Amino acid sequence: MSKLSSKSHPIARFYTRISDVDFLGITIWQGKTDPKAEIIVAQVRRKIGDSWETVGRIALYRTQDGSYSKLPDRK
């Protein structure tokens, strides 16, 4: 029996350049325990040489009734 990939895909993803080396990205994910909830992630990424580094990030949880809360920072 083969396992199918459980990797989720974002609902939406947007990027915009905010300087010569920085990009702002917004990604919206479906909630894991409540499919009507959403996780909204905003991050600033910086191009350094050939790689990208996240220089700022915030994640928010939106319940199906429209309440928002900040998620803990990733370690």
Side-chain angles (χ1 to χ4, degrees):
M1 178 189 296
S2 67
K3 288 175 107 177
L4 296 176
S5 173
S6 63
K7 187 158 179 108
S8 61
H9 298 282
I11 295 169
R13 181 173 278 165
F14 304 94
Y15 289 97
T16 189
R17 181 184 294 264
I18 56 176
S19 73
D20 288 342
V21 294
D22 293 336
F23 283 80
L24 171 64
I26 305 289
T27 306
I28 303 167
W29 301 90
Q30 183 177 33
K32 289 182 181 179
T33 57
D34 180 356
K36 294 183 179 179
E38 293 176 336
I39 299 166
I40 302 140
V41 179
Q43 63 182 4
V44 175
R45 308 257 307 152
R46 179 169 294 155
K47 179 84 168 172
I48 300 175
D50 291 336
S51 63
W52 290 91
E53 177 181 318
T54 300
V55 295
R57 182 182 188 280
I58 187 169
L60 306 171
Y61 186 79
R62 187 195 65 80
T63 63
Q64 63 180 319
D65 69 358
S67 297
Y68 290 86
S69 59
K70 182 181 180 286
L71 293 171
D73 293 335
R74 292 191 322 191
K75 300 290 179 189

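Quick caveat: nothing in here was measured; it's all calculated off a predicted structure.
The side chain to side chain contact (heavy atoms under 4.5 Å, CB included) search around Tyr15 returns Arg13, not counting sequence neighbours. Partners of Lys70 by salt bridge (Lys or Arg N to Asp or Glu O under 4.0 Å), not counting sequence neighbours, listed by chain and number: Asp73. With sequence neighbours excluded, the residues that form a salt bridge (Lys or Arg N to Asp or Glu O under 4.0 Å) with Arg62 are Glu38. Looking at residues two or more places apart in sequence or on another chain, you find a side chain to side chain contact (heavy atoms under 4.5 Å, CB included) between Val44 and Ile18, Asp22, Leu24, Val55. Not a single side chain to side chain contact (heavy atoms under 4.5 Å, CB included) links Asp20 to another residue, sequence neighbours left out.
Atom CZ of Arg46 is surrounded by 12 or fewer heavy atoms from other residues, nucleotides or ligands within 6.0 Å.
Counting all heavy atoms, side chain and backbone alike, Ile11 lies closest to Gln30 at CD1-N, 3.6 Å. Shown here for Thr63 and Ala37, the closest heavy-atom pair between the two residues is CA-CB, 4.2 Å.
Cluster membership check: Val41 shares its hydrophobic cluster with Tyr61, using side-chain heavy-atom separations under 4.5 Å among Ile, Leu, Val, Met, Phe, Trp and Tyr.
Here Ile58 contributes atom CD1 and Ile40 contributes atom CD1; the two are 10.5 Å apart, rounded to the nearest 0.5 Å. Between the CG atom of Leu60 and the CD1 atom of Ile39 there is a distance of 10.5 Å, given to the nearest 0.5 Å.
Screening residues 24-54 for ring-ring contact (aromatic ring centres under 6.0 Å, His included) gives Phe23-Trp52 as the qualifying pairs, with residues at least two apart or on separate chains.
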